[in-house]
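Worksheet: one structure, shown below.
None of these values were measured; they are calculated from a predicted model. Excluded from the calculations below are hydrogen atoms, water molecules and symmetry mates; all remaining heavy atoms, backbone and side chain alike, are included.
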Amino acid sequence: MGDKWSVLVIVELASGVRRFRELQRAIDGISQRMLTLTVRRLERDGLVTRTVYPTVPAQVTYELTATGSSLTHLVKQLADWSLEHRDSIGQSRTAYDAQNPDHDIR
């Protein structure tokens, strides 16, 4: 749960079951590889259930487990906080970058 992609996947799955492509379209900027790694980690942690249906091509869906669902109110608070402070964080980053042009933090 320590990265932004996990938080965004949890937020999206809080609305219900999603297919892989639905998740990818809903989460702006996430690559196919990063989404794959993220849902695998969340599945390993017991927060997400992956279901594969025997169709051609195979249909795969993801949903929160009971443990994952218990996180949704906390993750929503974090997402709300992030949105509320997005502008000031962006300004801080711009100021830091201007004062430290040779840094490699991104």
- Under a 4.5 Å cut-off applied to non-hydrogen side-chain atoms, are Y62 and T49 in contact? no
- If every non-hydrogen atom of Q24 is compared with every non-hydrogen atom of S31, which pair is closest and at what distance? NE2-C, 3.8 Å
- Item | P101 to A98 - nearest heavy-atom pair and separation | CD-O, 3.8 Å
- Value for CD1 (I10) from CG (L71), rounded to nearest 0.5 Å, stands at 6.0 Å
- Qualifying residues under ring-ring contact (aromatic ring centres under 6.0 Å, His included), relative to Y96, sequence neighbours excluded: H103
- Query: Counting only N and O atoms by type, is there a donor-acceptor contact under 3.5 Å from the side chain of T72 to the main-chain atoms of A14?
  - Reply: no
- Message: If I take atom CZ from residue R93 and atom OG from residue S88, how far apart are they, to the nearest 0.5 angstrom?
- Response: 10.5 Å
- Message: Under 4.5 Å between side-chain heavy atoms, counting indirect links through other Ile/Leu/Val/Met/Phe/Trp/Tyr residues: same cluster for M34 and V9 or not?
- Response: yes
- Message: Do the side chains of K76 and D80 get close enough for a salt bridge, i.e. N-O under 4.0 angstrom?
- Response: yes
- Item | Note, V60 side chain near R50 side chain (heavy atom, < 4.5 Å) | yes
- Would you give the length of the straight line joining atom CG of L78 to atom NZ of K4, rounded to the nearest 0.5 angstrom? 13.0 Å
- The reported gap from OG in S82 to CD in Q77 (rounded to nearest 0.5 angstrom) is 11.5 Å
- Message: For a 4.5 angstrom cut-off between non-hydrogen side-chain atoms, does I27 reach W5?
- Response: yes
- Message: Nearest 0.5 Å, please: how far is CG in L13 from CG in L8?
- Response: 11.0 Å
- To the nearest 0.5 Å, what is the distance between OG (S6) and CG (L47)? 8.5 Å
- Does R41 reach the side chain of L37, with side-chain heavy atoms less than 4.5 Å apart? yes
- Query: Hey, are the side chains of V52 and T61 touching, using non-hydrogen atoms and a 4.5 Å cut-off?
  - Reply: no
- With a 4.5 Å limit on heavy-atom distance, are the side chains of R21 and R25 in contact? yes
- Counting N and O atoms only, with roles assigned by atom type, does the side chain of E22 sit under 3.5 Å from a partner on the main chain of R19, one being a donor and the other an acceptor? yes
- Out of curiosity, does L42 fall in the hydrophobic cluster containing V17 (side-chain heavy atoms, cut-off under 4.5 Å, transitive links)? no
- Message: Are more than 12 heavy atoms, taken from residues, nucleotides or ligands other than D28, located less than 6.0 Å from that residue's CG atom?
- Response: no
- Close side-chain approach of T65 to V48, heavy-atom, < 4.5 Å: no
